[in-house]
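Residue numbering restarts at 1 for every chain, and letters A, B, ... go by the order of the sequence lines.
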Number of protein chains: 2
Amino acid sequence: MSAPVAPARALPWDTARGALRARGLRWTPQRRLILEVLAGTTGHITGAELVERCRAHDAATIPSTVYRTLDVLEDLGYVRHSHGADGREEYHVLPGAEHAHLRCLGCGSVVEIGRDEALALVGGLGSSRGFTVVLSHVMIGGYCPGCGPEVS
Amino acid sequence: MSAPVAPARALPWDTARGALRARGLRWTPQRRLILEVLAGTTGHITGAELVERCRAHDAATIPSTVYRTLDVLEDLGYVRHSHGADGREEYHVLPGAEHAHLRCLGCGSVVEIGRDEALALVGGLGSSRGFTVVLSHVMIGGYCPGCGPEVS
DNA sequence: CTCGCTATTGCAAGTTGTCGCAGGAACGCC
DNA sequence: GGCGTTCCTGCGACAACTTGCAATAGCGAG
C-alpha cells in the first residue's frame, strides 16, 4: 500500500518522522501525506493550494489538520511562511538558503534575493538600530522592469 | 533623532469630497462616516477595527461597504494598506511620508523607517535590477533590541 | 425641479484561515 | 500483547475579507 512516493529531492524530509518523535510529537498518516506533497513541491505554495493537493491524494483531507501540521512543520524548520500580496498565507518549502523577497506589485511575480545581496541591503540595520534582520521575513514591494511604475 | 509623532490632523480630509467628485465618484453618507472615523485615527488601523468604529457611529454599517470605500480611498491616496504580522489588512492613515516598516517577529511591534533611511537601504535595487521600490511596501522582519534573536 | 445615468449600497454566499472540543490513535512502558 | 497518557484528527463555528447582483440614490443635464 505504498503510494507512488514523489521522487522528491534528496532532502531531510526523511528525517521528519524522527524530528517529530524527538519532540514527543506523532507520526500520523495525515502528516505523512502532507510531507509527501510538500516533498514534491518547490518554491512557494499557499495553504489553500496545499489543502487541495492533499485532497487530490486523499479526499478526506481536512483543512484545519493541514494548517496545524504546517505550523508544526514550521516549528521544526521544514517550511517557513509569509504572506502573499493579498495577505494570504504562503509557505516556502525547505528554506534551504536564507533569502529575501522582491515582489512586483504590478504582475505579482516574486523574485528571491540571495543572502549576500540582501544582507548588503538591510544588514546595516543590525548596527544602526540593533535590529536583527531575518532575511526570510524581508519583503520588498515595487515594480519590476517589465511592469514599470504603474500610472493610475 | 526620531521626530516626535507627527501631529496627524489638519489634513486634506476636507478635500476628499472634491477628490471623489473630480473622478466621477460619489459623496455618500456612508463614505462620509468612514472618512470621519479615519480623520480621528492616527497610525494604523485594521479593516475590522474600522468597521467596528463605524458601527459605533452607525450600527447599520456594512463591512463590504467599508472595505470598498477603503479601496477607493487608497486609490485616491488617502490611506495605504499593508498586511500585519498575521496577514490581516492594516491601513495606514494619511501616509504623509513614504516609509518602510521594520517588524519585530518577537513582540510584533512595528517601527517606521523614514524615507531617506529606507531609500539608502533598498534604493539601490533601482539601479542594480531596474526594480522600482515602493517604500510603503517594504517590510523588514527581524528582532528588535528588546526581543533579541529568539532561540527556537 | 425633474430625469436619467451609473456609481454605490446592502445582502448573501463564498474563501481562507483559526479555534475549541470530544473521540480516536500513536507511542512508550510493563 | 495490553494499557494509559497525550497528541491528533475531524468537525462545526467563527473571523476577516471578497465578490456578484439587484435596488437605490448621488449628480449633472435639461
Side-chain angles (χ1 to χ4, degrees), chain A residues 1 16-37 44-55 57-76 78-92 108, chain B residues 16-37 44-55 57-76 78-91 108:
Chain A
M1 344 223 294
R17 179 174 181 177
L20 285 169
R21 309 254 300 249
R23 281 211 180 189
L25 303 180
R26 290 164 193 173
W27 182 246
T28 67
Q30 221 12 281
R31 288 183 174 173
R32 185 178 147 195
L33 168 59
I34 293 172
L35 260 316
E36 267 171 32
V37 172
H44 312 101
I45 184 174
T46 66
E49 255 166 18
L50 182 56
V51 170
E52 240 175 276
R53 287 197 204 173
C54 281
R55 261 208 235 278
H57 289 262
D58 178 353
T61 301
I62 267 71
S64 59
T65 296
V66 175
Y67 288 112
R68 281 185 289 218
T69 296
L70 241 15
D71 277 354
V72 172
L73 255 26
E74 181 157 24
D75 237 39
L76 297 178
Y78 287 85
V79 299
R80 186 139 310 182
H81 87 288
S82 60
H83 298 279
D86 53 357
R88 255 144 211 173
E89 297 273 308
E90 202 164 80
Y91 289 85
H92 302 184
Chain B
R17 179 174 181 176
L20 284 169
R21 309 245 310 240
R23 283 211 181 189
L25 303 180
R26 289 164 193 173
W27 182 246
T28 68
Q30 216 19 273
R31 285 183 177 172
R32 188 179 147 193
L33 168 59
I34 293 171
L35 259 316
E36 265 170 35
V37 172
H44 311 101
I45 184 174
T46 65
E49 256 165 17
L50 182 56
V51 169
E52 240 175 275
R53 288 196 203 174
C54 282
R55 262 207 235 278
H57 288 263
D58 178 354
T61 301
I62 268 73
S64 60
T65 296
V66 175
Y67 287 111
R68 281 186 289 220
T69 296
L70 241 15
D71 278 352
V72 172
L73 255 26
E74 180 157 24
D75 237 39
L76 297 178
Y78 285 85
V79 299
R80 185 137 310 179
H81 87 285
S82 60
H83 298 279
D86 54 357
R88 253 144 212 174
E89 298 273 307
E90 202 165 80
Y91 288 85

Novice: Without decimals, in angstroms, what is the distance between Arg17(A) CZ and dC27(C) C1'?
Specialist: 10 Å

Novice: What is the minimum heavy-atom distance between Ile62(A) and Ala60(A), and which atoms define it?
Specialist: CD1-O, 2.8 Å

Novice: Whole-Å distance between dT6(D) P and Arg21(A) CZ?
Specialist: 18 Å

Novice: Quick one: closest heavy-atom pair of Ala19(B) and Tyr78(B), and the distance?
Specialist: CB-OH, 3.7 Å

Novice: Let me know the distance between CD1 of Ile62(B) and P of dA15(D), rounded to the nearest Å.
Specialist: 17 Å

Novice: Between Glu49(B) (CD) and dA15(D) (P), how many Å, whole number?
Specialist: 15 Å

Novice: Of all the choices, dC27(C), dT18(D), dC8(D), which nucleotide is nearest to the side chain of Glu89(B) once you look at every atom?
Specialist: dT18(D)

Novice: Given the structure, check if the side chain of Arg26(B) and the base of dT6(C) hold any donor-acceptor pair shorter than 3.5 Å.
Specialist: yes

Novice: Between Arg31(A) and Arg26(A), what is the shortest heavy-atom contact and its length?
Specialist: NH1-O, 2.9 Å

Novice: Check whether Glu74(A) reaches the backbone of His81(A) with its side chain - one donor and one acceptor, N or O, closer than 3.5 Å.
Specialist: yes

Novice: Looking at every strand, decide which applies to Gly24(B) at a 4.0 Å heavy-atom threshold: base, sugar-phosphate, or nothing.
Specialist: sugar-phosphate

Novice: In Å and rounded to the nearest 0.5 Å, what is the OG1 to CG distance from Thr28(B) to Leu35(B)?
Specialist: 9.5 Å

Novice: Nearest of dG12(D), dA7(C), dC8(D) to any side-chain atom of Leu25(B)?
Specialist: dA7(C)

Novice: When only distance counts, do a donor and an acceptor, one from the side chain of Ser64(A) and one from the base of dC11(D), lie under 3.5 Å apart?
Specialist: yes

Novice: What pair of heavy atoms forms the shortest contact from Leu33(A) to Cys54(A), and how long is it?
Specialist: CD2-O, 3.8 Å

Novice: So which one's nearest nucleotide on DNA chain D is more toward 5', Thr28(A) or Arg88(A)?
Specialist: Thr28(A)

Novice: For DNA chain C, what residues of residues 65-74 of chain B have any heavy atom nearer than 4.0 Å?
Specialist: Thr65(B), Arg68(B)

Novice: Please state how far atom CD1 in Ile45(A) lies from atom P in dT16(C), giving the value in whole angstrom units.
Specialist: 13 Å

Novice: May I have the distance from His83(B) (atom NE2) to dA16(D) (atom C1'), rounded to whole angstrom?
Specialist: 12 Å

Novice: So which heavy atom on His44(B) is nearest to which on Glu90(B), and how close?
Specialist: CB-CG, 4.0 Å

Novice: The side chain of Ala48(B) lies closest to which of these nucleotides: dC17(D), dG10(D), dT9(C)?
Specialist: dC17(D)

Novice: So if I take every side-chain heavy atom of Gln30(B) and compare against dG17(C), dC27(D), dG10(C), which nucleotide ends up nearest?
Specialist: dG10(C)

Novice: Whole Å only: how far is the CD atom of Glu90(A) from the P atom of dT15(C)?
Specialist: 20 Å

Novice: Which stems, defined as runs of 3 or more consecutive Watson-Crick or G-U wobble pairs with both pairing distances under 3.5 Å, involve DNA chain C?
Specialist: C:1-30 with D:1-30

Novice: Report the residues that fulfil salt bridge (Lys or Arg N to Asp or Glu O under 4.0 Å) with Glu49(A), sequence neighbours left out, ordered by chain and then residue number.
Specialist: none

Novice: Among dT18(D), dC19(C), dC8(D), which is the nearest nucleotide to the side chain of Arg31(A)?
Specialist: dC8(D)

Novice: Compare every heavy atom of Arg21(B) with every heavy atom of Arg17(B), then report the nearest pair and how far apart it is.
Specialist: NH2-NH1, 2.7 Å

Novice: Keeping the roles fixed (side chain from Arg55(B), backbone from Thr61(B)), state whether a donor-acceptor pair exists under 3.5 Å.
Specialist: yes

Novice: Could you give the CD1-to-C1' distance, from Ile34(A) to dT9(D), as a whole number of Å?
Specialist: 11 Å

